[in-house]
Amino acid sequence: MTAPKENQTTRRRAPAMTPEERRSMIIQTAIPLIAEYGAAVTTAKIARAAGIGEGTIFRVFTDKDELLQACIAEALSPEHAVRELHAIDVSQPLPDRLAEAAEALQAHMSRMGAILGSLGHRGGKHPGTVRGAGRDESTTRIRAALAELLEPDKAALRRPPEQIAALFFGLLFTQPRTEDEPDLTPRELVEVFLHGALSGVAK
């Protein structure tokens with residue numbers, strides 16, 4: 001008897017991941033777990049969250065330590081932050097561009113802080129190179145992306161875009177905090193950066 005036609009249809013499986021794709025998927029799954037549990041997170045927990053067997057992790061990572069180091073590298077990598085900055089619409093007014101940039105970079109810093117803090121790297125110490133780029137090179141790439149955002153308003157700036165970008169980047173990383181005042185929002189920070197501390201109200 002001939003089987004129903006629909007039963008004869010061969011189901012196509014999704015293409016298997018390459019080792020690099022699987023590494024990336026595991027890292028992206030592991031980062032929030034490491035931020036929550038630190039080095040105490042188990043590979044079994046990571047595997048469950050990723051929907052894979054624990055043994056799959058060890059087909060692309062030598063051991064748990066290598067996985068942790070890969071997650072640190074990903075969290076510190078400037079790649080995501082630079083992509084976010086490049087995606088900002090430069091036709092917007094400068095305050096809007098810088099507010100978006102501040103949000104993107106604050107998210108980048110929060111991700112770095114969560115991973116480094118959970119793994120015991122105190123004081124914001126950069127634990128090494130990141131995809132071949134150390135702290136100085138990473139900072140240079142982010143500043144260059146910021147300078148591109150400033151370029152359309154170059155004629156109105158007091159200093160070259162590269163120097164303004166460095167100042168803005170420094171302000172984001174060293175924003176002073178007080179116990180009785182909330183942190184500035186990205187837009188508030190941009191307003192102070194562009195217009196200074198004076199309110200503009202005549203005395």
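Keep in mind that this is a model prediction, so the values were computed, not measured.
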> Verify side-chain contact (heavy atoms from CB on, under 4.5 Å) between Ile46 and Thr42, making sure each step is shown before the conclusion.
CA-CA 6 Å; Ile46 294 170; Thr42 63; over 6 Å; no
> Which heavy-atom pair separates Leu67 from Ile57 by the least distance, and what is that distance?
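Minimum heavy-atom separation between Leu67 and Ile57: CD2-CG2, 4.2 Å.
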> Tell me, do Leu98 and Leu150 make a side-chain contact under 4.5 Å, heavy atoms counted?
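Leu98 vs Leu150: side chains touch.
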> Residues in side-chain contact (heavy atoms from CB on, under 4.5 Å) with Arg59, at least two apart?
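With sequence neighbours excluded, Arg59 shows a side-chain contact (heavy atoms from CB on, under 4.5 Å) to Thr56, given in chain and number order.
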> For the backbone of Ala81 and the side chain of Glu84, can you confirm whether one donor and one acceptor N or O come within less than 3.5 Å of each other?
no
> With sequence neighbours left out, write down each residue that passes side-chain contact (heavy atoms from CB on, under 4.5 Å) with Ala114, or none if nothing qualifies.
Ala35
> Identify the two heavy atoms, one from Ile88 and one from Ala101, that lie closest to each other, and give their separation to 0.1 Å.
CD1-N, 3.5 Å
> Given the rule in the side-chain contact (heavy atoms from CB on, under 4.5 Å) test, do Thr185 and Leu189 qualify, once you have shown the distances and angles that lead to the verdict?
CA-CA 6 Å; Thr185 67; Leu189 186 146; over 6 Å; no
> To the nearest 0.5 Å, how far apart are CG in Leu146 and CZ in Arg141?
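The CZ atom of Arg141 is 13.0 Å from CG of Leu146, to the nearest 0.5 Å.
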> Provide the full list of salt bridge (charged side-chain N to carboxylate O under 4.0 Å, His left out) pairs with a residue in residues 161-174, sequence neighbours left out, each pair given once.
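Of all non-adjacent pairs touching residues 161-174, none passes salt bridge (charged side-chain N to carboxylate O under 4.0 Å, His left out).
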> Please answer whether the main-chain N or O of Thr18 pairs with a side-chain N or O of Glu21 as donor and acceptor at a distance below 3.5 Å.
yes
> Can you see which heavy atom on Val60 is nearest to which on Pro19, and at what distance?
CG1-O, 3.8 Å
> What residues, two or more places apart in sequence or in another chain, satisfy ring-ring contact (aromatic ring centres under 6.0 Å, His included) together with Phe61?
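Testing Phe61 for ring-ring contact (aromatic ring centres under 6.0 Å, His included), a comparison that skips the adjacent residues, returns none.
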> Give every residue pair that meets the ring pair (Phe, Tyr, Trp, His ring centres under 6.0 Å) criterion with at least one member in residues 142-168, sequence neighbours excluded.
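Every ring pair (Phe, Tyr, Trp, His ring centres under 6.0 Å) pair that includes a residue of residues 142-168, provided the two are not neighbours, is Phe168-Phe193.
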> With no hydrogens and no angle check, is any side-chain donor or acceptor of Ser110 less than 3.5 Å from a backbone partner on Gln106?
yes
> Quick one: which residue pairs count as a salt bridge (charged side-chain N to carboxylate O under 4.0 Å, His left out) with a foot in residues 32-58, not counting sequence neighbours?
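Sorted result for residues 32-58: empty, none.
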> Please report the interatomic distance CE(Met112) to OG(Ser77), rounded to the nearest 0.5 Å.
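Separation between the atoms: 10.5 Å.
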> Give the C-alpha distance, both sets of side-chain angles, the deciding distance and a yes or no for side-chain contact (heavy atoms from CB on, under 4.5 Å) between His80 and Glu74.
CA-CA 9 Å; His80 182 73; Glu74 178 64 25; 5.7 Å; no
> Run the side chain to side chain donor-acceptor pair (under 3.5 Å) test against Thr29 and tell me which residues pass, sequence neighbours left out.
none
> Using the salt bridge (Lys or Arg N to Asp or Glu O under 4.0 Å) criterion, which residues pair with Glu66? Sequence neighbours excluded.
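Listed in chain order: Arg23.
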> What salt bridge (charged side-chain N to carboxylate O under 4.0 Å, His left out) pairs are there with at least one residue in residues 92-107, not counting sequence neighbours?
Asp96-Arg187, Arg97-Asp153
> Should Arg111 and Leu76 be marked as a side-chain contact (heavy atoms from CB on, under 4.5 Å) after you check the CA-CA gap, both sets of side-chain angles, and the distance that decides it?
CA-CA 8 Å; Arg111 184 167 60 249; Leu76 297 185; over 6 Å; no
> Between Cys71 and Ala30, which heavy-atom pair has the shortest distance, and what is it?
SG-CB, 3.7 Å
> Atom CD1 in Ile27, atom CG in Leu68: separation rounded to 0.5 Å?
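If we round to the nearest 0.5 Å, Ile27:CD1 and Leu68:CG are 10.5 Å apart.
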> Sequence neighbours excluded, which residues qualify as side-chain contact (heavy atoms from CB on, under 4.5 Å) partners of Ala166?
Arg143
> Who pairs with Asp89 by side chain to side chain donor-acceptor pair (under 3.5 Å), at least two apart in sequence or on another chain?
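So Asp89 forms a side chain to side chain donor-acceptor pair (under 3.5 Å) with Ser91.
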> Taking Val41's backbone N and O only, do any of them form a donor-acceptor pair with Lys64's side chain (distance below 3.5 Å, no angle check)?
yes
> Roughly how far, to the nearest 0.5 Å, is CD of Glu151 from CG of Leu157?
8.5 Å
> Check Pro161 against Ala147 and note the closest heavy-atom contact, atom names and distance.
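Distance-wise, the nearest heavy atoms are CB-O, 3.8 Å.
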> What's the spacing between Leu172 CG and Leu167 CG if we round to 0.5 Å?
11.0 Å
> Between the side chain of Thr140 and the main-chain N/O of Asp136, is any donor-acceptor distance below 3.5 Å?
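Answer holds: yes.
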> Taking side-chain contact (heavy atoms from CB on, under 4.5 Å) as the definition, give me every residue that meets it alongside His86, ordered by chain and number, with sequence neighbours left out.
Val82, Ala145, Glu148
> Which atoms form the tightest heavy-atom contact between Leu105 and Phe169, and what is the distance?
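Here Leu105 and Phe169 meet closest at CD1-CD1, 4.3 Å.
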